[in-house]
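Contents: one structure, followed by commentary.
We name chains A, B, ... by the order of the sequence lines, and we start the count at 1 in each one.
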There are 2 protein chains.
Amino acid sequence: MEDKEEKKISAVVIRRLPRYYRYLGELVENDVQRISSKELSEKMKVTASQIRQDLNNFGGFGQQGYGYNVKYLYDKIGKILGVNEPHNMIVVGAGNIGRAICNYSDFSKRGFVIKGLFDNNKELEGKEIAGVGIYSTDKIKDFIAENHIEIVALTLPKAAAKEVASVVVEAGIKAIWNFAPVDLNLPPDVIVENVHLSESLMRLSYAIANNKE
Amino acid sequence: MEDKEEKKISAVVIRRLPRYYRYLGELVENDVQRISSKELSEKMKVTASQIRQDLNNFGGFGQQGYGYNVKYLYDKIGKILGVNEPHNMIVVGAGNIGRAICNYSDFSKRGFVIKGLFDNNKELEGKEIAGVGIYSTDKIKDFIAENHIEIVALTLPKAAAKEVASVVVEAGIKAIWNFAPVDLNLPPDVIVENVHLSESLMRLSYAIANNKE
DNA sequence: TAGATTGTTAATCGATTAACAATC
DNA sequence: TAGATTGTTAATCGATTAACAATC
């Protein structure tokens, strides 16, 4: 239907978008009306050039001589990020991380609504965590269809994560939030956002080991 | 004492190191003796050139005509990453994520030992989670000194995270694992590894919103 | 030795920064 | 209008890929 987008926006730009959104959100909270790329660049410790280049990937949101209207820009970036409308998600794996995600209320504030938690442990079935019902893993496919699920968080051991990934992709899921320490090799139209905590920790230990200069 | 390192290794290379380590670990488990950059590149879906370039930042680990000895390379990268020796850490903030980290045993397997969990809630003091003792936040400084803590994980709301960050930096901490949705502006010799789950989720919702091609 | 594959230099590609004309 | 700041083009910088001589 739409065909406006011409050139693909690079992944590094997209990675920076949520950070802009966070800073702009704070400015909105503080009732700041306008900001220039220069001011924002100082706050965020990036160059003003980069901010202007990044934003101009999506259109001219500013005004010469004035800068950017904070609320307007905030809403625009929110729309680009898709946080202007709610997204239903499920969590698969009721271990520590899975339960932590269900308990973490900040996501739902941003419109990410957890509709169910799935686990193979039959004992958990029928219970709930932070108001999220727990279901058996074999019900995933139907549940996805019936509840308009868009995002699946995988908080399972790696072998199980791979299996569940292919099941939910068959069910039409295009967005996977993967906490398992494994690369899910899925079709290119399925987007995987990895949260590899062990790798994150290793970068810290690298830094400790090499900070002796 | 040491002065061997000449040119600084770029951050993008370091980000890739834990992933190499993970793949090599799996090869070790499967008793694979040797691997060429070409074979590894096919597994990891990167170019062989990149692998060779990356590794050569740290020295020649391979052998012409043969490739790389898997176990040797695995150990070398482990050493570079600093996972050859244990690192003591504490977690500050006994909320969902803090508790999940304490419960997650994989870290200790890799030598990251959680020595304590800190929280302002006096009710929790003296209790423990997964064998990790809970202490009052005012004891942090002494605890760091007495227990040779190297890494501090911050799993607190953003204002508290900022406060605790400056306290632990005063106590000499050089590595912070930050889960709070805020940029901790700390001296350049302090390394911060951010885990911003909300930003990660927003990249997924971006992908959903822009996957209609 | 011949074949294979590294280590490394050179070429390409993409991302960042600088500069400035357009314009509010 | 004059001053400010964007949007955008051009210059620079760094990262990736290609190519190949060195060598096991």
N or O in side chain of [X] less than 4.0 angstrom from [N] OP1/OP2:
| X | N | value |
| --- | --- | --- |
| B:R34 | D:dC24 | no |
| A:R52 | D:dT6 | yes |
| A:R16 | C:dT16 | yes |
| A:S37 | D:dT5 | no |
| A:Q50 | C:dT16 | yes |
| A:T47 | C:dT16 | no |

- Note on the structure: With the side chain defined as heavy atoms from C-beta on, A:Y68 is closest, among C:dT17, D:dG7, D:dT16, to D:dG7
- Message: So A:S36, base contact, sugar-phosphate only, or nothing? Heavy-atom distance under 4.0 Å.
- Response: sugar-phosphate
- Message: Regarding A:S49, tell me which of base, sugar-phosphate or nothing describes its non-hydrogen contacts under 4.0 Å with the strands shown.
- Response: base
- From the options B:D31, B:L27, B:D75, select the one residue that forms a side chain to side chain contact (heavy atoms under 4.5 Å, CB included) with B:V70. B:L27
- Message: Judged by each residue's nearest nucleotide on DNA chain C, which is more toward the 5′ side, B:K38 or A:V12?
- Response: B:K38
- Task: Please give the nucleotide sitting opposite D:dC24 as a Watson-Crick or G-U wobble pair, both distances under 3.5 Å, or none.
- Result: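 Its partner is C:dG3 (Watson-Crick or G-U wobble, both distances under 3.5 Å).
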- Item | Interatomic distance, B:Q64 CD vs C:dG7 P [rounded to whole Å] |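 Between P of C:dG7 and CD of B:Q64: 6 Å.
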- Figure out the CG/P separation between B:L73 and C:dG7, and round it to whole Å. 10 Å
Are any of the side-chain nitrogens in [X] or [Y] under 4.0 Å away from the carboxylate oxygens of its partner?
| X | Y | result |
| --- | --- | --- |
| A:K174 | A:E150 | no |
| A:K38 | A:E42 | yes |
| B:R19 | A:E199 | no |

- Please confirm whether any donor atom in the side chain of B:Q53 sits under 3.5 Å from an acceptor in the base of C:dT9, or the reverse. yes
- Task: Decide yes or no on side chain to side chain contact (heavy atoms under 4.5 Å, CB included) for B:R34 and B:Y68, but give the supporting numbers first.
- Result: CA-CA 5 Å; B:R34 62 167 285 273; B:Y68 299 87; over 6 Å; no
